[in-house]
Each structure stands twice: as structure tokens, then as C-alpha cells.
A.B. asks: 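Below are the C-alpha cells for one structure; questions will follow.
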Amino acid sequence: MKRHRVVIVGGGYAGVKALNVLAMSALCDIVLIDQHPYHFLQTDAYELIANECSMTMVSIDLVALCLSYGEHVLYVKDTVREIDFENKHVLGENSGHPYDYLLLCAGSRTAYHSSIVGLREHSHGVKTLSGSLAFKQQFEQRLYEKMESEGGWRTEPFNIVIGGGGLSGVEIAAEMAHYVKVFHKDNTLTCENIHIFLIIPHENVLDGMEEYLVQQATKRLFELGVNIINHSRITSVEEHTLILNDKDSVHFDFMIFAGGIVASTLTSALDIPKNKKGQLIVDDYLSLPSCAGAFAAGDIAELHDRGGNRIPPTAQSAERSAEHAAKNILSLMMNEAMIPSDLRMRGTLIALGGKYASVSLLGWIRFSGLVGYWIKTIVMRSYRFRIHLQCAKGLQLLQKKKPPCRKGF
């Protein structure tokens, strides 16, 4: 049987899952392309910014990971700028790559709306490892400066503003509020003047999600002292002032924006159907209808369930869609029929500060508090353990003086 060549663009949750499925089949040569040589565990970002884990716990070496699967898997550090779908060729800044099958898993980025003046300049995002590290460093620097200033926050409030009431916004708000309490306890400092504001455009946080999760998240945020400002849209941002609904102003010392996502910048260069967020339109098989041999999975694609309902961009949906797309690629290699996707989510897990979480699994298993925290911890750490274990195989090869010869396929 002919060995086909598969190019995967993106080393996030979708790309890493597709890599595993395809590599374990041993039917093809695989090239994984990403501009960063690591896989960022974005679901654990809130632990990083709250000093609950180190950078090494939220990043996986893609070079070692690819090496662990053998000589038919290759990692390439590059930024893809153009794709010639007709001639099946991926063009990066540094190199070009022909393919038989292509899987786009380039993910998404924070939606800094161009209509909101000053948003990008005066706020922080945490979707990337560099963004999370910069946020952590600059936030602690601002706390230090305030502590050093005359009177500190004992006389003047220190306001932290989070824009966006979705999953990321809620998790960040809860973790920051818990961090403030820990900061107060560890340093025996008065922190009553440190305030956290969560700006949401709807009536409730987690708009559109299960009512149980909405209620539990709202309850927890209030317990942590988070100020929820609802029915408010950010219309402009100045250096330390937020304008809501074109009239109300909120002073802030530090701002995080988690108000939605748009697809990777890669999609803007592709002349194929996309939605308003730049996400690629895929068919029931997760393939790009007008592009032979090309598929898309994860945040870069507009995903739906069997009922046609939009599936939110999460690590779970990224993994499940990538697994299905990879299996359909394998089916084509073996001249078998592809199977339509059935992307039903198994549940939702929400970190709500410290050892507290809310989970809803399979539509009927629901827990909040410490039990929810342990369920979420088990799920997250099992993923981290599996991928660290796989990566360790590659690290052993990297540490040898003469690693195995790699075929230049």
C-alpha cells in the first residue's frame, strides 16, 4: 500500500490529537507544522497565571513529541502563509510542503474587535503561552508598584477588569479573585481595596450554557466578591479607563479581555468559504468541500452537532473533531467510505477558583465544589500525564548523542 503524506498545520489540542491518531495507524508520513515548538495546554492557563503551576507544566515539546512516534513523523517550525489547494502544496515563511492530505488545525485568537478603540493596546489576553506569561509578569509588577506607592491600595482601589462572560472570562475572574484572597493570606496585607469586575453583554454569565452551570458559576463569583456588570458592552478603552455602552466609565489598573475568538490569521489568506469569525466552513465529514484531500478541525472550523447546532470552541471539541477528521483521512487512504461526524460533547468542566469547580457530564452527572474540582483535576491531569508520557519517549532519543537517522520524506 502506498504511503501517503499528511501535513497537519497547528500543534494545539486538535493538531496533537490528529497526530496521535494518524501516527498510531502507521499508514502515512506526517509533517506537523507550527510556528511554536511547543503545545500549550491552554485549559491550564488559569493555573499558570495564579501561580499554581510552572511554565513547564503547561507546555509540551513538539519536537520530542513528534520524534516519539518514529521516523515517519516530522515537526517543522514555520508559519504557514499560503496554501495551493489545487496543487496540494503548503507554503510557509521558511519552506514548502507538498501533501496528499491536509488537516488544518491552526486554532483561533482573541477577537480584538477593530470597532473598539484602544482594546488591543490596553488589555491582555491569555490564549497563548507568551500572553499568559506576559500577563502574569505585568500583573504582579502592577501589584508591586501599587504596594510600593504611598498608601498603596489601602487608600486607593486597585481595579482588575475582565471583559467577557464566557468560559474563559468566568474562569479567569474566579481564579483572580481567589488569587487576591491567597495574596492577602500569604502576605498579611489588607486587600479590601482590590476589586475585580467582570463585564458581560448579557443578563448572566455563560450565556447559552446549561442552567446548572450558570447558577453555580454566578453563586461562586459572588462568594469570591467578583462584581458582575451585566448588559454592558465595551465601546472604547483608554489607558486606565473603560467606556461601557458609550456612556459609563470604569477605572481600571489592569484589564484582561476574553470576549470571544476569531479564527487563526491563516484563514484570511485562503480564498474558500468562511463565516464572520473567519472560521472555515466544513462539510459533514469535516473536509473542505472545494479542496480535494483537505480537512479542518478545532477552532479554525465552524463545527456543528448532528442537529445543526453550533458547537462552542473548547479543547474537547477540538480533540473530537480532529480525531474524526483524522479517521476519515485514514478511510480515504484505505479506499473506504468516510463517516459523517457526530460531535456530541460529553460534558463541561469549569474551574471556579482554588479547589472549586462545577462539572456537568453526560447531561445528568453534576457536581460543584471540591468534588467538582477533583473530577476536573483528574480529567486535566490524565491528559497531561498521557501526553507527557508520550513526549518522554522522544526526549530520551533527543538526549542521545546520535539520535536515529530521520528520513527526509
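Predicted model, so just to flag it, every value in this text is computed and none were measured.
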A.B. asks: Is there a donor in the side chain of Glu203 and an acceptor in the side chain of His231, or the other way round, less than 3.5 Å apart?
C.D. replies: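 Short answer, yes.
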A.B. asks: What's the spacing between His122 NE2 and Thr241 OG1 if we round to 0.5 Å?
C.D. replies: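 So the gap between those two atoms works out to 9.5 Å.
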A.B. asks: Please find out if less than 6.0 Å separates the ring center of Tyr356 from that of His178.
C.D. replies: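 Here the rings of His178 and Tyr356 have centres that are no less than 6.0 Å from each other.
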A.B. asks: State whether the number of non-hydrogen atoms from other residues, nucleotides or ligands found under 6.0 Å of Glu93 atom CD is greater than 12.
C.D. replies: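 Yes - once you tally the heavy atoms of other residues, nucleotides and ligands closer than 6.0 Å, there are more than 12.
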A.B. asks: Working to the nearest 0.5 angstrom, can you tell me the gap between Ser115 OG and Ile234 CD1?
C.D. replies: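 Output value for this atom pair is 11.0 Å.
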A.B. asks: Look at the side chain of Ser317 and the backbone N and O of Pro312, then say whether any donor-acceptor pair between them is shorter than 3.5 Å.
C.D. replies: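 Between the backbone of Pro312 and the side chain of Ser317 there is a qualifying donor-acceptor contact (under 3.5 Å).
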A.B. asks: If you draw a 6.0 Å radius around CZ in Arg233, do more than 12 non-hydrogen atoms from other residues or ligands fall strictly inside?
C.D. replies: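 Not buried by this count: 12 neighbours or fewer within 6.0 Å.
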A.B. asks: Test side chain to side chain contact (heavy atoms under 4.5 Å, CB included) on Leu266 and Val9 and set out the steps.
C.D. replies: CA-CA 10 Å; Leu266 170 61; Val9 179; 4.2 Å; yes
A.B. asks: For side chain to side chain contact (heavy atoms under 4.5 Å, CB included), just list the numbers for Cys28 and Met333, CA-CA rounded to whole Å, side-chain angles, deciding distance to a tenth of an Å, and then say yes or no.
C.D. replies: CA-CA 9 Å; Cys28 54; Met333 291 180 188; 3.6 Å; yes
A.B. asks: Check whether any side-chain heavy atom of Asn328 lies under 4.5 Å from a side-chain heavy atom of Phe295, and answer yes or no.
C.D. replies: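 Yes - at least one pair of side-chain heavy atoms lies under 4.5 Å apart.
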A.B. asks: If you define the side chain from C-beta out and look only at heavy atoms, does anything of His39 sit under 4.5 Å from Leu65?
C.D. replies: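 With C-beta onward as the side chain, the pair stays apart.
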A.B. asks: Below 4.0 angstrom, N of the basic side chain to O of the carboxylate: do Asp29 and Arg5 qualify?
C.D. replies: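 No, this pair does not count.
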A.B. asks: Are side-chain heavy atoms of Lys393 and Leu395 found at a separation under 4.5 Å?
C.D. replies: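 Contact flag for Lys393/Leu395 side chains = no.
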A.B. asks: Tell me yes or no: between the side chains of His240 and Glu238, is some donor less than 3.5 Å from an acceptor?
C.D. replies: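 No - no donor-acceptor pair under 3.5 Å links their side chains.
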A.B. asks: Which pairs count as ring-ring contact (aromatic ring centres under 6.0 Å, His included) when at least one residue sits in residues 370-389, sequence neighbours excluded?
C.D. replies: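 Residue pairs with at least one partner in residues 370-389: Tyr13-Tyr383.
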A.B. asks: How long is the gap from CZ on Arg81 to CG on Asn94, to the nearest 0.5 Å?
C.D. replies: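 If I round to the nearest 0.5 Å, the distance is 10.0 Å.
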A.B. asks: So, does Arg220 use its side chain to make a donor-acceptor pair with the main chain of Ser358 at under 3.5 Å?
C.D. replies: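 No, because the side chain of Arg220 does not come within donor-acceptor range (under 3.5 Å) of the backbone of Ser358.
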A.B. asks: Hey, are the side chains of Leu102 and Leu104 touching, using non-hydrogen atoms and a 4.5 Å cut-off?
C.D. replies: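 Heavy-atom side-chain distance check passes, below 4.5 Å.
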A.B. asks: Quiz question: by atom type and distance under 3.5 Å, do the side chains of Gln215 and Glu211 form a donor-acceptor pair?
C.D. replies: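 Judged by distance alone, the side chains do pair up.
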A.B. asks: To the nearest 0.5 Å, what is the distance between CG (Leu343) and CG (Leu286)?
C.D. replies: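 Reported to 0.5 Å precision, the distance equals 6.0 Å.
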A.B. asks: Restricting to non-hydrogen atoms, name the atom on Gly278 and the atom on Thr267 that form the minimum distance, rounded to 0.1 Å.
C.D. replies: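 Of all heavy-atom pairs spanning Gly278 and Thr267, the closest is O-OG1, 2.9 Å.
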A.B. asks: Quick one: do Phe252 and Val237 satisfy side chain to side chain contact (heavy atoms under 4.5 Å, CB included)? Show the steps, please.
C.D. replies: CA-CA 10 Å; Phe252 67 87; Val237 185; 3.9 Å; yes
A.B. asks: Output yes when a side-chain donor or acceptor of Ser232 lies under 3.5 Å from a complementary backbone atom of Ile200, and no otherwise.
C.D. replies: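 Answer holds: no.
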A.B. asks: What's the spacing between Lys274 NZ and Ile272 CD1 if we round to 0.5 Å?
C.D. replies: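 One finds 6.5 Å between NZ of Lys274 and CD1 of Ile272.
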A.B. asks: Determine the minimum heavy-atom distance between Asp299 and Pro313, stating which atoms define it.
C.D. replies: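 Smallest heavy-atom distance, with atoms named: OD1-CB, 3.3 Å.
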A.B. asks: Do Arg3 and Asp100 make a side-chain contact, defined as non-hydrogen atoms from C-beta onward lying under 4.5 Å apart?
C.D. replies: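 Contact flag for Arg3/Asp100 side chains = no.
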A.B. asks: Tell me, which pairs form a side-chain hydrogen bond (donor to acceptor under 3.5 Å, both in side chains) where one or both residues lie in residues 157-168, sequence neighbours left out?
C.D. replies: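 Sorted pair list comes back empty.
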A.B. asks: Going by side chain to side chain contact (heavy atoms under 4.5 Å, CB included), Val205 matches just one of Leu167, Leu213, Val170, Val226. Which one?
C.D. replies: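 That would be Val170; it is the only one of Leu167, Leu213, Val170, Val226 passing the side chain to side chain contact (heavy atoms under 4.5 Å, CB included) with Val205.
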A.B. asks: Has the side chain of Gln316 got a donor or acceptor atom that lies under 3.5 Å from a matching backbone atom of Gly347?
C.D. replies: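 Judged by distance alone, yes, a pair lies under 3.5 Å.
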A.B. asks: Are more than 12 heavy atoms, taken from residues, nucleotides or ligands other than Glu223, located less than 6.0 Å from that residue's CD atom?
C.D. replies: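 Yes - once you tally the heavy atoms of other residues, nucleotides and ligands closer than 6.0 Å, there are more than 12.
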A.B. asks: Identify the heavy atoms of Leu119 and His113 that sit nearest to each other, and give their distance.
C.D. replies: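 Heavy-atom minimum between the residues: CD2-N, 3.9 Å.
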A.B. asks: Would you name the heavy atoms of Ala322 and Leu103 that are closest together and state the gap between them?
C.D. replies: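 Distance-wise, the nearest heavy atoms are O-CD2, 4.5 Å.
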A.B. asks: Which pair of heavy atoms, one from Ala174 and one from Ala351, lies closest together, and at what distance?
C.D. replies: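 For Ala174 versus Ala351, the nearest heavy atoms are CB-O, 4.5 Å.
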A.B. asks: Could you go through His324 and Met338, starting from their C-alpha distance and side-chain angles, then the distance that decides it, and tell me whether this counts as side chain to side chain contact (heavy atoms under 4.5 Å, CB included)?
C.D. replies: CA-CA 10 Å; His324 195 91; Met338 293 189 295; over 6 Å; no
A.B. asks: Taking all non-hydrogen atoms of both residues, which atom of Val76 and which atom of Ser95 are closest, and how far apart?
C.D. replies: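 Nearest pair, atom of Val76 first, then Ser95: CG1-OG, 4.1 Å.
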A.B. asks: Counting N and O atoms only, with roles assigned by atom type, does the side chain of Ser321 sit under 3.5 Å from a partner on the main chain of Gly298, one being a donor and the other an acceptor?
C.D. replies: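 Answer holds: yes.
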A.B. asks: Quick one: does Leu22's side chain get under 4.5 Å of Leu330's, heavy atoms only?
C.D. replies: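 Leu22 vs Leu330: side chains touch.
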A.B. asks: If you count every heavy atom of other residues, nucleotides or ligands that lies below 6.0 Å from Ile339 atom CD1, does the total exceed 12?
C.D. replies: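 No, not enclosed.
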A.B. asks: Do Lys77 and Gln35 have side chains that approach each other closer than 4.5 Å (heavy atoms only, starting at C-beta)?
C.D. replies: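 With C-beta onward as the side chain, the pair stays apart.
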A.B. asks: Tell me, yes or no, whether the heavy-atom count around Tyr112 atom OH, taken from other residues, nucleotides or ligands under 6.0 Å, exceeds 12.
C.D. replies: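 More than 12 within 6.0 Å, yes.
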A.B. asks: Inspect the contact between Glu210 and Arg366 and indicate whether a charged nitrogen and a carboxylate oxygen are less than 4.0 angstrom apart.
C.D. replies: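 Result for this pair is yes, salt bridge flagged.
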A.B. asks: Counting only heavy atoms not in Lys327 (residues, nucleotides, ligands), do more than 12 fall under 6.0 Å from its NZ?
C.D. replies: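 Count not over threshold, so no.
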A.B. asks: Just grab all the ring-ring contact (aromatic ring centres under 6.0 Å, His included) pairs involving residues 89-109, residues at least two apart or on different chains.
C.D. replies: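 ring-ring contact (aromatic ring centres under 6.0 Å, His included) check on residues 89-109 returns His4-Tyr101.
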A.B. asks: To the nearest 0.5 Å, what is the distance between CZ on Arg346 and CG on Leu361?
C.D. replies: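 Output value for this atom pair is 11.0 Å.
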A.B. asks: Assess whether a salt bridge exists between Arg384 and Asp44, defined as any Lys/Arg side-chain N lying under 4.0 Å from an Asp/Glu carboxylate O.
C.D. replies: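 A salt bridge links Arg384 with Asp44.
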A.B. asks: Taking C-beta and beyond as the side chain, do Leu19 and Ile8 meet within less than 4.5 Å on heavy atoms?
C.D. replies: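 With C-beta onward as the side chain, the pair touches.
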A.B. asks: Test your reading of the model: is there a side-chain donor-acceptor pair from Asn275 to the backbone of Gln279, 3.5 Å cut-off?
C.D. replies: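 Such a contact is found between Asn275 side chain and Gln279 backbone.
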A.B. asks: How about Tyr75 and Asp34: does a side-chain donor come under 3.5 Å of a side-chain acceptor?
C.D. replies: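 Distance-only check fails for Tyr75 and Asp34.
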